[in-house]
Amino acid sequence: MTATLLDGKALAETVRAEVRTGVEAFTQTHKRPPGLDVVLVGDNAASRIYTRNKEKASKEVGMRGRLHTLAETTSQDELLALLALLANDPEVDGILVQLPLPPHLAADRVLDAVPPEKDVDGFHPVNVGLLALGRPALVPCTPLGCMRLLAQSGTRLRGARAVVIGRSTIVGKPMAQLLLAEHATVTIAHSRTQDLPALCREADVLVAAIGKAEMVRGDWIKPGATVLDVGINRVTTSEGKSKLVGDVCFDEVKERAGLLSPVPGGVGPMTIACLLQNTLTAARRRLER
Ligand code: NAD
């Protein structure tokens, strides 16, 4: 068997087109576009690229995107003061603080300062709680993108056995909550799980969010399973070239899985598309409350 690949790039384009249409309607009704404010503290090279891409993507769908770049030495009080300004600005619909923050800043206190209704990353305790309760919430973008990929693929979730490898608050835990809400029977595996390969072999749906290059092997996969590879790992090939690989050993797993998301081009592109969707959702909910 060779797996059918889940095309996240194409689906992300569809989501962006939906958001663009929604943004046009919002702008007509409210006489202003939805606004996304992205906050970057420090000089992390990857974060600089991510935040620029988010700002650019928001503008491409017609939003007012703004990037606030603060020095590495910014104090907690200075950052909280900016967040208070954005929290009270009626034209700011979404606020995103790029992680990781420099070590002298307390990420929890900073994330708590983003009002839940503008928390387009879905990291505020209120949104985490609402998701756990199965009530409408702003949901973290990567798991939201995974769910959209699953829906598009036609994978049956009701009654399915799902295994999520990884228990981060950004991917693993919210992913498990979303699968549970769709009536899958969900197991969360992590670094201390015993006999991970055997557990994975039971999975109709396997989500790998580990951060370890090509860890999930072909013989861990139940034949025909749907496999979502969230991992993004940069490795050096035997020819000395740098390339991106997932947490799944693609060449082996594609021979056993029914559906498989590739890296790159699978889950990755869905994340920014879902950030745009969350921003539109946040804008609509605030103004239509
Ligand atoms: P994290 O480091 O916060 O969490 C990793 C999880 O993997 C932990 O819960 C840990 O218990 C588990 N783990 C580690 N080693 C393990 C092992 N040997 N066996 C089983 N479980 C193990 O990482 P994260 O933020 O959740 O990200 C995970 C991966 O997803 C990374 O590669 C990251 O780059 C990628 N990611 C991609 C996107 C995207 O847009 N596609 C978004 C976020 C994260």
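Only a predicted model underlies this, so the values are computations on that prediction, with no experimental measurement involved. Counting convention: from 1, in listed order, for ligands and their atoms alike.
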message: Given Val263, Val171, Val164, Leu99, identify the one with the heavy atom nearest to atom 44 (C) of ligand 1.
response: Val171
task: For atom 15 (N) of ligand 1, grab the closest protein heavy atom and report residue, atom and distance to one decimal in Å.
output: Lys212 NZ, 3.4 Å
- prompt: With atoms numbered from 1 as shown, which atoms in ligand 1 lie under 4.0 angstrom from a non-hydrogen atom of Ile165?
  reply: 20 (C), 21 (N)
message: Is it the case that over 12 heavy atoms from other parts of the model lie below 6.0 angstrom from the CD atom of Gln194?
response: no
task: Specify the protein heavy atom at minimum distance from atom 8 (C) of ligand 1: its residue, its atom name, and the distance to 0.1 Å.
output: Arg167 N, 4.0 Å
field: Thr193 to ligand 1, any heavy atom closer than 4.0 Å
entry: no
field: ligand 1 N/O within reach of Asp247 N/O, cut-off under 3.5 Å
entry: no
query: Quick one: do Glu91 and Arg66 make a salt bridge, cutoff under 4.0 Å?
result: no
field: Nearest-neighbour protein heavy atom for atom 11 (O) of ligand 1, which is reported as residue plus atom name and distance
entry: Ser191 N, 3.2 Å
task: Would you check if the side chain of Glu72 reaches a backbone N or O of Asp43 as a donor-acceptor pair within less than 3.5 Å?
output: yes
task: Do me a favour and list the nearest non-hydrogen protein atom to atom 14 (C) of ligand 1 with residue, atom name and distance?
output: Ile210 CG2, 3.6 Å
- request: Could you tell me whether Arg192 approaches ligand 1 through its side chain, its backbone, both or neither, with non-hydrogen atoms closer than 4.0 Å?
  value: neither
query: Would you call Arg161 and Glu202 a salt bridge, using N to O less than 4.0 angstrom?
result: yes
- line: Here the atoms of ligand 1 under 4.0 Å from any heavy atom belonging to Thr271 are 39 (C), 40 (O)
task: Could you point out which residue of Leu196, Val216, Asp229 forms a side chain to side chain contact (heavy atoms under 4.5 Å, CB included) with Ile210?
output: Val216
query: Is the shortest distance from a Lys or Arg side-chain nitrogen in Arg201 or Asp195 to a carboxylate oxygen in the other one below 4.0 Å?
result: no
field: Salt-bridge contact Glu60-Arg16 (side-chain N to carboxylate O under 4.0 Å)
entry: yes
query: Can any side-chain N or O of His183 pair as donor or acceptor with the backbone N or O of Ala160 at less than 3.5 Å?
result: no
- prompt: Are any of the heavy atoms in Met215 under 4.0 Å away from ligand 1?
  reply: yes
- request: Would you indicate whether Arg285, at its atom CZ, is surrounded by more than 12 heavy atoms from other residues, nucleotides or ligands within a distance under 6.0 Å?
  value: yes
- prompt: Where the closest heavy atom to atom 24 (P) of ligand 1 is concerned, which of Ala213, Ser168, Gly211 has it?
  reply: Ser168
- request: Tell me which protein heavy atom sits closest to atom 42 (C) of ligand 1, plus the residue, atom name and distance to 0.1 Å.
  value: Thr142 OG1, 3.1 Å
- prompt: For ligand 1, which atoms have a heavy atom of Gly268 less than 4.0 angstrom away?
  reply: 41 (N)
field: Residue and atom name of the nearest protein heavy atom (relative to atom 30 (O) of ligand 1), distance in Å to one decimal
entry: Val230 O, 3.5 Å
statement: The protein heavy atom nearest to atom 21 (N) of ligand 1 is His190 C, 3.1 Å
task: Evaluate the salt bridge (charged side-chain N to carboxylate O under 4.0 Å, His left out) criterion for residues Arg286 and Glu117: first the C-alpha distance (whole Å), next the side-chain angles of each, then the deciding distance (0.1 Å), finally the verdict.
output: CA-CA 7 Å; Arg286 271 185 51 250; Glu117 66 276 14; 5.4 Å; no
query: Ion pair present between Lys9 and Glu13, side-chain N to carboxylate O less than 4.0 angstrom?
result: no
field: Proximal candidate to atom 33 (C) of ligand 1 [heavy atom criterion; set Leu199, Val216, Ile232, Val267]
entry: Ile232
- prompt: Looking at Ala209, which atoms of ligand 1 are within less than 4.0 Å of one of its heavy atoms?
  reply: 5 (C), 6 (C), 7 (O), 28 (C)
